[in-house]
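Down below is the structure, laid out as structure tokens.
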Amino acid sequence: MTQNNPSSKNDQRAVRLEKLQKMRDEGTQPFPDRYECTHDIKAACDLKPGDTVRTAGRIMLSRNMGKLTFAHIQDLGAKIQVCLQRDLVGAEAYKWFGKMADIGDFVGVEGEIFHTKTGELTIRVKDYIFLSKSLHPLPEKWHGLVDIEACWRQRYLDLIMNDETRKRFLFRSKLISTMRRFLDDNGFVEVETPIIQTKPSGARARPFITHHNSLDMVAYLRIAPETYLKRLIVGGFNRVYEFARCFRNEGMDPSHLQDFTMLEYYSAYWNYEDNIAFTQKFVKYIIGELFGTLKIRCGENEINFDGEWPRMSFRELILRDSGIDIAEFEAAEPMCAAIKARGIEIESIDELNIAALTDQLYKKVSQPKLIDPLFLTGHPIELSPLARCNDENAKITDRFQLVINGWEVVNAYSELIDPIDQCRRFEDQARMKEEGDDEAMPMDEDYLTAMEYGMPPNSGWGMGIDRFVSLLTDSANLRDVVLFPLMKPVGGAKPAPKQAATGSGAPKAEADEKIDDAGITRERALELLSQNVTGKVLRCHSLASGAVMKALAERLGRNPQVWEIAGIVHDLDFDRVQDEDRHTLETAEILRKEGAHPALVQAVLAHNAEGLGLERKTEFDFALTCCESITGLIAATALIMPDKKLASVKAKSVVKRMKKKDFARKVNRDLVLLCEEVGLSLEEFAALGLKAMQSISDDLGL
RNA sequence: GCGCCAGUAGCUCAGUUGGCAGAGCAGCUGAUUCUUAAUCAGCGGGUCGUAGGUUCGAGUCCUAUCUGGCGUACCA
């Protein structure tokens, strides 16, 4: 009957688990530790009929013809057909393969290369070894995985199923190694500079802000490696480069990632002219090495990297494409009028200063037309706070961008090495910041000091690697060239803790008086406790915290039901998360879903204020923290009694134990002392806590 | 942020005016010693993104919400 048929369970994974169990039962190791290959699959494909081979891969297709089975096995580099003949591998082994091996499993095969009747290169398997079980069916063999979201979230599936994905990422790796080789061969030294920084400088962008716990200070993820690499120029590294992961907290779209890779290099004694020459050599080398030609297709365009690349200034380009000569304008208003007069539309045009206006105008009228490589020069000084000012024209900088297919691929300039000028530029930026430009750079004194020790003339260079890869692989979205792009978690992103603590700014009394309903019942709290908490110790800790909270609420004239519930549920996720610092986030999520009162959720979060970088604000917050903390101390005190009973414990001995640091070391004494924040002395609090725990001593087993 | 679109079996997709939720691949049982998305016969498989609502009846209509795409604005 169908009841005995595993397939009726509607679970392909269950079928595979059953096969796995069968393998174990019969003594076959389904997950062996190694297999020795003579060739990878790509190498096997180059063999001649008659050659023998041992290779391994993932089974992608299987066609059973009765006493003959064809299958395809695949690795990152290639796939090859294998052929199992019953008469060659033996009846037992042949039958076993048919029963046990699924599409997606790994197998090692040994045999002789031959051509099938239709001419396909195939391994005639003499012997095989099962190498690993796949518990999930792979995506459909013909269409493969096309859901773009799945490709990003489960890149490994994308890599298994899609040949171009494999090629694209191999290309990216090869590109980076080619760049590295060229730079190394030209006397550059690869270095690593800090990602966590105290000042976000080196570019105009909004940083990710984080908190450094042990220094208790704001820290930033770097937006660019620039100022550190230039410190190295000061330090005597004449040619340095870094493949730098950078982070910018800005919009997410097909051409912007929050976490991206920039290559920057700096060479002492070069100006931007030297750099232009080097750039052309560098990029041509890379294209030649990777494509074997200097003309490549990109979408509808063919990009020609051959020949001498043209140079044009902002002014020339804009004049050519719009008829506006930006040199004629001293202020924003007349330029704005000129732009409007020509019917060119720029968003919030009236709010832009002259530099931003120039930039926007260029992006609108010129940038999309630039397909073949072009060096764009003559950038306004306001847009280039770290670039050297031009000796002839103080309004522009010695800077260039390499534009390819409408994208700014490279940005480079003669570096500003005059510390006095640099200081002034920082001050200008600071002013712009005050005026509301939140991308303007902050003052960076430490960098200025480095400059004041003397920086040789030099020119620096930066390239967005992801964009370059995207350009060269004709990828529409930058996330296609990053292995694991950032995605919102399925089921909703967790709000930042600060947002979670809504209303926490309210004064203590006010916040507390509002809580007359926890939002969940005591019964539900206990249910949640047994669902989420498996450990006995944690369960007792939760119940004890509830009891102490209840007693404290009665003492302070607060709502005992609500406070008890807070104690019961405060550590729901601790068993799962197993991380002092990170726990409570999941608990808060559970409670929110249950409809718990926001103040309760906040108190729960705040009991781990240290770990999460939060602040305790309300009486409720402090109460939960100190109650939860003292339970451990009281329980530990009970355990050293001869009868290990709470009944034998005196409040005085609990207080004494506070001072012995080695006793119950995990209990944070500072948190227990927070009882003073709610107006109780340690003595009174210890007595209250002890009494509360004694009242439920049976439940606690103490 | 805003606007438009999408989410149905493990995968790729149908689903009419609101009327019993479908196909192919994958899986299971069997046939098959040269297949190429093998083929043939049979079987099983669903929280229609989630939560509400309208209705005798909702995959379909309404509201909210989640996830994603594309466009738009700012940044590389």
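Fair warning: this is a prediction, and the values are worked out from it, not measured in the lab. Every chain is numbered from 1 and lettered A, B, ... according to where its sequence line falls, protein lines coming before strand lines.
Protein atom CG of A/Asp105 is 11 Å distant from nucleotide atom P of B/rG27, rounded to whole Å. Spacing between atom NZ of A/Lys95 and atom C1' of B/rU29 amounts to 14 Å, rounded to whole angstrom units. One can place CD of A/Glu149 at 12 Å from P of B/rC11, the figure rounded to the nearest angstrom. As a whole-Å value, the separation of A/Arg206 CZ from B/rC74 P is 13 Å. As rounded to whole Å, 16 Å separates atom C1' of B/rC11 from atom CD1 of A/Ile148. Protein atom CG of A/Leu478 is 15 Å distant from nucleotide atom C1' of B/rG69, rounded to whole Å. Here B/rU35 presents its P atom at 13 Å from NE2 of A/His72, a figure rounded to the nearest Å. Regarding A/Arg16, its CZ atom lies at a distance of 7 Å from the P atom of B/rG27, rounded to whole Å.
Look at the P atom in both B/rU54 and B/rU39: the space between them is 49 Å, to the nearest Å. Remark: the separation of the P atoms in B/rU35 and B/rC28 is 24 Å, to the nearest Å. Taking the C1' atoms as reference points, B/rC61 lies 15 Å from B/rU16, given to the whole Å. Rounded to whole Å, the P atom of B/rA21 lies 15 Å from the corresponding atom of B/rG57.
Distances shown here put every side-chain N or O of A/Lys593 at or beyond 4.0 Å from the OP1 or OP2 atom of B/rU65. For the OP1/OP2 pair of B/rG69 and a distance below 4.0 Å, the side-chain nitrogens and oxygens of A/Arg479 include at least one atom meeting the criterion. Close to B/rU39, at under 4.0 Å from its OP1 or OP2, lies no side-chain N or O of A/Asn64. OP1 and OP2 of B/rU35 both lie 4.0 Å or more from every side-chain N or O belonging to A/Lys67. At the phosphate of B/rC34, neither OP1 nor OP2 sits under 4.0 Å from any side-chain N or O atom of A/Gln81. Under 4.0 angstrom from either OP1 or OP2 of B/rG27 there lies no side-chain N or O belonging to A/Arg13. For the OP1/OP2 pair of B/rU67 and a distance below 4.0 Å, the side-chain nitrogens and oxygens of A/Lys488 include at least one atom meeting the criterion. Contact check, A/Arg63 against B/rA38: a side-chain N or O comes under 4.0 Å of OP1 or OP2. OP1 or OP2 of B/rA38 sits under 4.0 Å from a side-chain N or O of A/Lys141.
Here B/rC70 sits opposite B/rG3 as a Watson-Crick or G-U wobble pair (both hydrogen-bonding atom distances under 3.5 Å). Checking B/rC56 for Watson-Crick or G-U wobble geometry (two distances, each under 3.5 Å) identifies B/rG19 as its partner. In this structure, B/rG24 and B/rC11 make a Watson-Crick or G-U wobble pair, each of the two defining distances being under 3.5 angstrom. Of all nucleotides present, none satisfies the Watson-Crick or G-U wobble test against B/rG46 with each distance under 3.5 Å. When Watson-Crick and G-U wobble pairs are counted only if both distances are under 3.5 Å, B/rU39 pairs with B/rA31.
A/Gly462 comes within contact range of no nucleotide atom at all, as no heavy-atom separation falls under 4.0 Å. Within the nucleic acid shown, A/Lys99 comes within 4.0 Å of sugar-phosphate atoms alone, with no base atom in reach, counting heavy atoms only.
The OG1 atom of A/Thr55 lies 4.5 Å from the CD1 atom of A/Ile41; values are rounded to the nearest 0.5 Å.
Below the 3.5 angstrom threshold, one finds a donor paired with an acceptor across the side chain of A/Gln12 and the base of B/rA26.
Picking from B/rA38, B/rC28, B/rC25 the nucleotide with the shortest atom distance to the side chain of A/Met65 gives B/rA38. Checking B/rC13, B/rG27, B/rC74 against the side-chain heavy atoms of A/Asp253 singles out B/rC74 as nearest.
Using a 30° and 60° split on the angle between ring planes, A/Phe282 and A/Phe278 fall in the tilted class, from 30° to 60°.
The side-chain heavy atoms of A/Arg16 and A/Met100, taken from C-beta on, include no pair separated by under 4.5 Å.
Residues A/Asn411 and A/Arg399 have side chains that bring a donor and an acceptor to within less than 3.5 angstrom of each other. No side-chain donor-acceptor contact under 3.5 Å links A/Asp480 and A/Ser475.
Here the side chain of A/Tyr272 pairs no donor or acceptor atom with the backbone of A/Arg388 at under 3.5 angstrom.
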